[in-house]
Amino acid sequence: MEEYAHILDYLAQGLPSGNFTKREPLCYAVGEEEFKLFEIVPKANVIINLGDRVYIGKDASMRAHVDHIKRRVGFEELTSAAKAELEFVVLDIVMNEQSRFIRFYNDSEAISLRKHMLEELPGLGKKTLISILDERKKGAFKDFADMGTRVPLLKNPEKLIVRRIVLELSDMTLKHYIFVR
């Protein structure tokens with residue numbers, strides 16, 4: 001269950017296509033654990049900015065910004081602004097939790113005889129995969145900077161993770177899901 005979410009878009013007047021008599025402010029947000037997408041109703045007179053980290057857990061007393069979660073949404077239901085902000089917010093989440101995502105590089109295994117889980121990352125080829133596996137045998141990666149130094153073919157390992165998360169959110173036809181539940 002998601003405890004915290006990051007704001008992707010804030011609509012102070014609600015959805016433009018909504019009922020004019022019952023308009024309420026809305027936020028679109030992404031959860032930081034399972035990357036679920038939400039439509040959230042903020043509390044009255046609360047200032048919310050894009051990228052803000054807000055508590056959405058069960059303890060209502062801790063909810064300083066959120067009145068309630070209206071519903072879960074799919075990627076296609078997000079506003080254009082929320083879709084545009086998604087990559088930046090996911091990058092912030094990945095960078096703030098490097099140990100969680102570097103563990104993927106350290107612990108991932110083969111999916112089948114012909115395919116490794118690391119190959120599911122968009123833009124990662126066989127040469128880079130072999131370099132990562134060779135360096136991993138020498139010792140676990142500490143963080144993304146360590147990984148970038150030890151695997152020169154891989155310039156920005158965090159961006160591969162971000163691209164995969166965004167792909168998992170936007171493409172419902174994927175065979176394997178790694179980060180999104």
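Excluded from the calculations below are hydrogen atoms, water molecules and symmetry mates; all remaining heavy atoms, backbone and side chain alike, are included. These numbers come from a predicted model, not from an experiment.
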Using the ring pair (Phe, Tyr, Trp, His ring centres under 6.0 Å) rule, collect all pairs that involve residues 35-57, keeping only residues at least two apart or in two chains.
-> Tyr4-Tyr55
Could you name each residue pair satisfying ring pair (Phe, Tyr, Trp, His ring centres under 6.0 Å) that touches residues 140-181, not counting sequence neighbours?
-> Phe101-Phe179, Phe104-Phe179
If we ignore hydrogens and angles and just use 3.5 Å, is the side chain of [X] paired with the main-chain N or O of [Y] as donor and acceptor?
X	Y	value
Thr128	Leu124	no
Asp52	Ile48	no
Glu168	Ile178	yes
Glu77	Gly74	yes

Closer than 4.0 angstrom, basic N to acidic O: yes or no for [X] and [Y]?
X	Y	answer
Arg163	Glu87	no
Glu2	Lys36	no
Glu120	Lys115	yes
Arg150	Asp146	yes

Should [X] and [Y] count as side-chain neighbours, where that means a heavy-atom distance under 4.5 Å?
X	Y	value
Leu174	Leu167	yes
Leu50	Val89	no
Leu91	Glu158	yes
Leu37	Phe75	yes
Leu153	Lys127	yes
Ile161	Tyr105	yes
His68	Pro42	no
Asp9	Ile7	no

Is there a chain of hydrophobic side chains (I, L, V, M, F, W, Y, each step under 4.5 Å between heavy atoms) that links [X] to [Y]?
X	Y	result
Val90	Ile40	no
Val54	Ile69	yes
Leu11	Val41	yes
Phe88	Leu160	no
Ile102	Leu133	yes

Derivation of the side-chain contact (heavy atoms from CB on, under 4.5 Å) call for Ile165 and Ile93 | CA-CA 11 Å; Ile165 292 168; Ile93 294 169; over 6 Å; no
Neighbour count >12 (heavy atoms, 6.0 Å) for atom [atom1], [X]:
X	atom1	value
Glu34	CD	yes
Arg71	CZ	yes
Met172	CE	no
Lys83	NZ	yes

Atom pair [atom1]/[atom2] of [X] and [Y] - distance to nearest 0.5 Å:
X	Y	atom1	atom2	answer
Asn156	Leu154	CG	CG	8.0 Å
Ser80	Glu85	OG	CD	12.5 Å
Leu118	Arg164	CG	CZ	11.5 Å
Lys58	Met1	NZ	CE	5.0 Å

Do Glu32 and His6 have side-chain N/O donor and acceptor atoms under 3.5 Å apart?
-> yes
Considering all heavy atoms, the nearest [X]-[Y] contact:
X	Y	result
Ile56	Ala5	CD1-CB, 3.8 Å
Leu78	Ala82	CB-CB, 4.0 Å
Asp67	Arg63	O-NH1, 3.6 Å
Ala64	Lys43	O-CD, 3.7 Å
Glu119	His116	OE1-N, 2.8 Å
His65	Ile47	CD2-O, 3.9 Å

Could you go through the salt bridge (charged side-chain N to carboxylate O under 4.0 Å, His left out) check for Arg72 and Glu39 one step at a time?
-> CA-CA 6 Å; Arg72 281 193 53 196; Glu39 193 173 79; over 6 Å; no
